[in-house]
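A note on names: the letters A, B, ... follow the listed sequences, proteins ahead of strands, and every chain is numbered from 1.
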There are 2 protein chains.
Amino acid sequence: MSAPVPLYQAKAEFFRVLGHPVRIRVLELLQDGPRPVRELLADIAIEPSALSQQLAVLRRYGIVVSRREGPSVVYELAGGDIAELLRTARRILTELITGQNELLAELRGAEAAAQ
Amino acid sequence: MSAPVPLYQAKAEFFRVLGHPVRIRVLELLQDGPRPVRELLADIAIEPSALSQQLAVLRRYGIVVSRREGPSVVYELAGGDIAELLRTARRILTELITGQNELLAELRGAEAAAQ
DNA sequence: TAGCGAATTGAAGAATGTTGCAAGTCGTGA
DNA sequence: TCACGACTTGCAACATTCTTCAATTCGCTA
């Protein structure tokens, strides 16, 4: 192979690709099955070209695949485990946010006490 | 709460935070348990200040926590599920890379046939 | 309490990523 | 084969993120 990319770098790159609001929304929509661009566009209110750019990123990394169906283009998740990753992420996020809220509550309490 | 951040945006932000080579390496090292900065520094060959910057990012998002132990500062993973997320990511990545290699092999074959 | 090692912070410039618009491709039906 | 809808691509302006280096903080001990 040409470039022996270290694994940790590939991993970082992978997460970075997931780290964009539009791309995440696309992946979440695709969890329920294949969808034409037209529908994605209806759910995510952005310019067609902006969506296309982000779809191109997901495609370039092999996270989604696309095929033409007559006049429209249909996208779907490439691997079966992406959905699981998103679920795990959601769980962690819930934990983190809960933790932050507790912390926030504590801080508020301390603040009030200090007044 | 002050800002009603949409969930998909929080999720994207979370992935983006994971999407950095140094941060990923730190998280992988911390999977085996708490470690002082000094040790992280020994494993990841970068300047102390650069590591500190990235640790600060992880801390800011509540992904790791730090505490001072005498002369050194010890870091550890904040939530229990981060390790699982990393494992899932590794599995997906393995799939993706395998898929890409197969594709590459096909392309090479086709190329050779076309010559 | 002066000094040293360990780690963090601040700030500026460099590098990357994102957005928006204009132009281009590809099917399909008139 | 012209025209139109559905997408994609190229590119320049703009925004964010990273790196680097100097300055600073915090414990500890001589």
(request) Using a strict cut-off of less than 4.0 Å between a Lys/Arg side-chain nitrogen and an Asp/Glu carboxylate oxygen, indicate whether A:E28 and B:K11 qualify as a salt bridge. (result) yes
(request) Please state whether the phosphate of C:dT9, meaning OP1 or OP2, lies under 4.0 angstrom from any side-chain nitrogen or oxygen of B:R59. (result) yes
(message) Heavy-atom nearest nucleotide on DNA chain D for B:V57 versus A:A50: which residue maps closer to 5'?
(response) A:A50
(request) Using atom types as modelled and distance alone, determine if a side-chain donor or acceptor of A:R35 lies under 3.5 Å from a backbone N or O of A:V37. (result) no
(request) State, yes or no, whether a side-chain contact exists between A:L86 and A:I24 at a heavy-atom distance under 4.5 Å. (result) yes
(message) Reading DNA chain D from 5' onward, which residue's closest nucleotide shows up sooner: B:P71 or A:S72?
(response) A:S72
(message) So if I apply the side chain to side chain contact (heavy atoms under 4.5 Å, CB included) rule between B:P36 and each of B:S72, B:P71, B:S66, which one comes out positive?
(response) B:S72
(request) Could you state the atom-to-atom distance from CD of B:Q9 to P of C:dT18 in whole Å? (result) 13 Å
(message) Between B:Y75 and C:dT8, is there a contact of a side-chain N or O with OP1 or OP2 at under 4.0 Å?
(response) yes
(request) Measure the distance from CD1 on B:I44 to P on C:dA7 and round it to the nearest whole Å. (result) 13 Å
(message) Under 3.5 Å, is there any donor-acceptor pair linking the side chain of A:S52 to the base of D:dC7?
(response) no
(request) Ignoring backbone atoms, establish whether B:H20 has a side-chain N or O less than 4.0 Å from OP1 or OP2 of C:dA15. (result) no
(message) For a quick test of reading the model: is some side-chain N or O of B:R23 closer than 4.0 Å to OP1 or OP2 of D:dC18?
(response) yes
(request) Ignoring backbone atoms, establish whether B:R16 has a side-chain N or O less than 4.0 Å from OP1 or OP2 of D:dT17. (result) yes
(request) Report yes if a donor N or O on one partner sits less than 3.5 Å from an acceptor N or O on the other, where the partners are the side chain of A:E69 and the base of C:dG27; otherwise report no. (result) no
(message) Can you measure A:R67 atom CZ to D:dA6 atom P for me and round it to whole angstrom units?
(response) 18 Å
(request) Quickly work out the B:I46 CD1 to D:dT19 P distance and round it to whole Å. (result) 8 Å
(message) Check this for me, if you would: do A:E69 and A:R67 make a salt bridge, where the nitrogen-to-carboxylate-oxygen distance has to be below 4.0 angstrom?
(response) yes
(request) Whole angstrom is fine here: how far is it from CD in B:Q54 over to C1' in C:dA7? (result) 15 Å
(message) Output the rounded distance in Å from CD (A:E47) to P (D:dG5).
(response) 17 Å
(request) Write down the distance between CG (B:L51) and C1' (C:dT9), rounded to a whole number of angstrom. (result) 14 Å
(request) Indicate, yes or no, whether a donor-acceptor pair under 3.5 Å links the base of D:dT20 to the side chain of B:Q53. (result) yes
(message) What is the separation between atom CZ on A:R38 and atom P on D:dA6, rounded to the nearest whole Å?
(response) 7 Å
